[in-house]
Asker: 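Got a structure here, written out as structure tokens. Questions coming.
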Amino acid sequence: MSDNAHLAEQLDLISKLLELNGADSFRASANARAARAIEAWPADICAVARDRGKPALMEIEGIGPKLADKIIEYSRDGRIKELDELRAATPAGLLDIMQVPGLGPKTVRMLWQEGKVVDRASLQRIIDDGTILTLPRMGAKAVEKIKASLALHVEAAQRLRLGPAAAVADRVLAALRPIVGDSPMAFAGSLRRGKDTVGDIDVLLATDNATISRAAHEAFITMKGVTGVVAGGSAETRTSVQMLVGFSSRWDESDDSPPAGEQAGPRVQVDLRIMPKASFGAAIMYFTGSKEHNVAMRLRALDRGLTLNEYGLFPEDNSTTEAPHKRGIAPIASDTEEAIYNALGLRFIPPELRENAGELSAFALDTPPASAPAALVSLSDIRADLHAHTTASDGVLSIVALATEAKRRGFHTIAVTDHSKSSVIAGGLSPERLRAHIGAIHAARGEIDGITILAGSEVDILSDGSLDYDDDLLAALDVVVASPHAALTQDSATATKRLLRAIEHPLVHILGHPTGRLVLRRPGLSPDMATLVAAAKQHAVALEINAHWMRLDLRDTHIRQSVDAGCVLAINCDVHHPEDFDNLKFGVQTARRGWLPRERCINTWDAPKLHTWLKAKR
DNA sequence: GCCGTTTTCGGCCCGACTGTTTTCAGTCG
């Protein structure tokens, strides 16, 4: 875990413990806000603390003098005294209870103070013996809800990776489409923003037709894969179901594929929300988030004397008694997101950027064109893949089959990059086999035209940073992707030296999945990214964004840091199966989350430009 | 605990829903 992520976790914990201890809620949320700002910060925040001190920290939005001191304390001691004291004063089990849906800080504090609850077991005890009913605001219905939440919470909680989540959403949309006709319908939330994991899936449908609305609701709750309708949602405007993820792949035989029995396996909550057509833009903006982006947008509206909610952008008339849409006030903008952004002096902000990380100022209409961000990379810009495996190592496609599939998808170049000898389990090639393989790749060029097949290798970066083949052999390759595969628990300093050595190697073009992380499975290396991106820029090495949803490595914050440093990046599918090309969209979304401009992604370049760039190292 | 061309003190995003209440507190998204 990076220092930023760890520090953010500590501050978030401080926020939660403050709430539990009845501290001022604005003080608690200030800590949580700072945690999110730090987590999204592209550079190493501890380095900022050490090198530039308190004033530089206080320039970050949401960080004032007190929080700057805490960051400095953390960067110096690796801990924060305030957190230690709060932990000592609060039973650890209360944090666990606060995870249960329906139990917020106020209720948990009351249970602790009045009911002597300190963990899940003691909560269960006072439910069972009935004493919970004697506590304030604890009626029979409230207790029933807590009981149900406790039971359900055991199997929920886990977030879902982007790939399986997108597959569920696509399934839902495909099932509803025939019923809703051409009514606007889309998914929102962190899935639309392309985050690497999502908590639940929000599907929005806009219709003014009650018949369509009822039919969609009915089809939704009877869809294949639905294992239960979540209580609540009296009206048909919001329905929540639990749905089987039912997604398996070579990565997930251990933890995501259902064991025997049809109703088993991981589930995800899917919400269907039905709203009037006229509110669709405001609603999808609202449900897409992020929360921080929404808050910033509302503040921007207030600055301009307007009110923004999920029904539209309204003129503010200072009647605080009732929401504007309920008083029949006509919205200034509501049917499309673009109209709302424009009415607030902004260009349309792509969903991937909506994290309140500078996007509002960057997309302001009055920003001079010179300082406006360049066009972001998009899926249709990608014309090449530079990281793919064949049957020579652990892929399932022959060289020609791989090239044929790449051509079918509109690429002008495909690089064959099988594993090197140290990746024994993946069938890594000995130097002799690689020489023969290069010959086979050259021969395959005669069997298919309209696409360039490059001879390459995904070469292991060994634990000391040396590469898995001699320079003579590497020089015979058109493209070298150097990747770490083993020793992924090295400390940060060792990992930095290791990867730096690979970047400085004159025959390396691309640093493949630089940290080796697996989403929700393995943290991978945490090298000093500032050092790596500076070296990558200097040595003209492209940093890879591995598009597989299990990797998404580099991650969004690292990409932003690389972009700021002036690096070029590669978005590669790491193809083993033909379907792996479909993961490209996740790589592109992640790249966009890191603000990657089209021209800085080498996979968007035309063939002459890309091939010239590769040859510069030969 | 942060923040400021209407404030250095007194604010701090908005609305729906639920359950416990006689007017509202808490939670969620």
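Given the structure is predicted, the values throughout are model-derived calculations rather than measurements. Letters A, B, ... mirror the listed sequences (proteins, then strands); counts begin at 1. Below, each value reflects all heavy atoms present in this structure, side chains not excepted, and no hydrogens, waters or symmetry copies.
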Asker: Strictly below 4.0 Å, N to O, side chains only: are A:Asp556 and A:Arg560 in salt-bridge contact?
Answerer: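 A salt bridge is absent here (no side-chain N lies under 4.0 Å from a carboxylate O).
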Asker: Among B:dG1, B:dC13, B:dG26, which nucleotide has an atom closest to any side-chain atom of A:Leu302?
Answerer: B:dC13
Asker: From the set B:dC13, B:dC14, B:dG1, return the single nucleotide nearest to any side-chain atom of A:Thr307.
Answerer: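 Within the option list, the nearest is B:dC14.
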Asker: Rounded to whole angstroms, how far apart are CD on A:Glu310 and C1' on B:dG29?
Answerer: 9 Å
Asker: Looking at every heavy atom in both A:Ala333 and A:Ala343, which two are closest together, and how far apart are they?
Answerer: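 Nearest pair, atom of A:Ala333 first, then A:Ala343: CB-CB, 4.3 Å.
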Asker: What nucleic acid atoms does A:His325 come within less than 4.0 Å of, heavy atoms only: base, sugar-phosphate, or nothing?
Answerer: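 A:His325: backbone/sugar contact only, no base atoms under 4.0 Å.
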Asker: With a 3.5 Å limit on both atom pairs, tell me what B:dT27 is paired to, counting Watson-Crick and G-U wobble, or say none.
Answerer: B:dA16
Asker: Report which part of the nucleic acid A:Pro105 touches: base, sugar-phosphate, or nothing (heavy-atom distance under 4.0 Å, all strands).
Answerer: sugar-phosphate
Asker: From CD1 of A:Ile63 over to C1' of B:dG1, roughly how many Å is that when rounded to an integer?
Answerer: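 Nearest whole value for this atom pair: 11 Å.
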Asker: Can you tell me how far C1' in B:dT8 sits from the matching atom in B:dC2, rounded to whole Å?
Answerer: 12 Å
Asker: Could you give the CG-to-C1' distance, from A:Leu299 to B:dC14, as a whole number of Å?
Answerer: 11 Å
Asker: Tell me: CZ of A:Arg238 to C1' of B:dC17, nearest whole Å?
Answerer: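 Between C1' of B:dC17 and CZ of A:Arg238: 10 Å.
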Asker: Across the strands shown, which category fits A:Gln269 at heavy-atom distances under 4.0 angstrom: base, sugar-phosphate, nothing?
Answerer: nothing
Asker: Could you check which of B:dG1, B:dC13, B:dT27 has an atom nearest any side-chain atom of A:Lys106?
Answerer: B:dT27
Asker: Measure from CG on A:Asn356 to P on B:dC2 and round the result to the nearest Å.
Answerer: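 Answer to the nearest Å: 17 Å.
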Asker: If I take atom CG in residue A:Asn309 and atom P in nucleotide B:dA16, what distance separates them, rounded to the nearest angstrom?
Answerer: 8 Å
Asker: Between A:Glu144 (CD) and B:dG19 (P), how many Å, whole number?
Answerer: 11 Å
Asker: Between A:Glu337 and A:Arg354, does any NZ, NE, NH1 or NH2 come within less than 4.0 Å of an OD or OE carboxylate oxygen?
Answerer: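 Here A:Arg354 pairs with A:Glu337 in a salt bridge, since their nearest N and O are under 4.0 Å apart.
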Asker: Please enumerate all protein N or O atoms sitting under 3.5 Å from an N or O of nucleotides 8-11 of chain B, with distances to 0.1 Å.
Answerer:
none

Asker: Salt bridge check, A:Lys147 against A:Glu144: does any charged N sit closer than 4.0 Å to a carboxylate O?
Answerer: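 The answer is yes: the pair qualifies as a salt bridge.
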Asker: At 4.0 Å (heavy atoms only), tell me whether A:Tyr286 reaches a base, stays on the sugar-phosphate, or touches nothing.
Answerer: base
Asker: Below 4.0 angstrom, N of the basic side chain to O of the carboxylate: do A:Lys54 and A:Asp69 qualify?
Answerer: yes
Asker: Taking only the side-chain heavy atoms of A:Lys291 (C-beta and beyond), determine which of B:dC2, B:dC13, B:dA16 contains the nearest atom.
Answerer: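 Of all the options, the side chain of A:Lys291 is nearest to B:dC13.
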Asker: Any salt bridge linking A:Glu355 with A:Arg193? Criterion: basic side-chain nitrogen under 4.0 Å from a carboxylate oxygen.
Answerer: yes
Asker: Decide, yes or no, whether a salt bridge links A:Arg298 with A:Glu310 under the criterion of side-chain N to carboxylate O below 4.0 Å.
Answerer: yes
Asker: Of the nucleotides B:dT27, B:dG19, B:dG29, which has the atom closest to the A:Arg137 side chain?
Answerer: B:dG19
Asker: When you measure from the side chain of A:Lys66, which nucleotide among B:dG19, B:dA16, B:dC2 comes out closest?
Answerer: B:dC2
Asker: Please work out if A:Ala140 contacts a base, only the sugar-phosphate, or nothing of the nucleic acid, heavy-atom cut-off 4.0 Å.
Answerer: sugar-phosphate
Asker: So, OP1 or OP2 of B:dC13: does either fall under 4.0 Å of a side-chain N or O from A:Arg298?
Answerer: no
Asker: Nearest to the side chain of A:Leu67, which nucleotide is it out of B:dG15, B:dT27, B:dG1?
Answerer: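 The answer is B:dG1, which lies nearest to the side chain.
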Asker: For DNA chain B, whose closest nucleotide is more 5', that of A:Asp24 or that of A:Leu306?
Answerer: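 Its nearest nucleotide being more 5', the pick is A:Asp24.
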Asker: Should A:Phe26 be counted as stacked on B:dC2, where stacking needs a ring-centre gap under 5.5 Å and an angle between planes under 30 degrees?
Answerer: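 No.
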Asker: Expressed in angstrom and rounded to an integer, what is the separation of A:Arg109 atom CZ from B:dT27 atom C1'?
Answerer: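 Computing the A:Arg109:CZ to B:dT27:C1' distance gives 18 Å.
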Asker: Between B:dG1, B:dG19, B:dG29, which nucleotide gets closest to the side-chain atoms of A:Arg273?
Answerer: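 Of all the options, the side chain of A:Arg273 is nearest to B:dG29.
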Asker: Quick test of your reading of the model: are A:Asp84 and A:Arg79 salt-bridged, counting only N-O distances below 4.0 Å?
Answerer: yes
Asker: I want to verify a distance call: between B:dT18, B:dT20, B:dG15, whose nearest atom is closest to the A:Lys145 side chain?
Answerer: B:dT18
Asker: If you pin A:Tyr311 and A:Val295 to their nearest nucleotides in DNA chain B, which one's is more 5'?
Answerer: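 Comparing both residues, the 5'-ward one is A:Val295.
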Asker: Output the single nucleotide from B:dG19, B:dG29, B:dG1 whose closest atom is nearest the side chain of A:Asn31.
Answerer: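 It is B:dG1.
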Asker: Do the side-chain N or O atoms of A:Thr107 get closer than 4.0 angstrom to the phosphate oxygens (OP1, OP2) of B:dT27?
Answerer: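 Yes, A:Thr107 has a side-chain N/O under 4.0 Å of OP1/OP2 on B:dT27.
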Asker: Below 4.0 angstrom from OP1 or OP2 of B:dC13, is there any side-chain N or O of A:Asn294?
Answerer: no
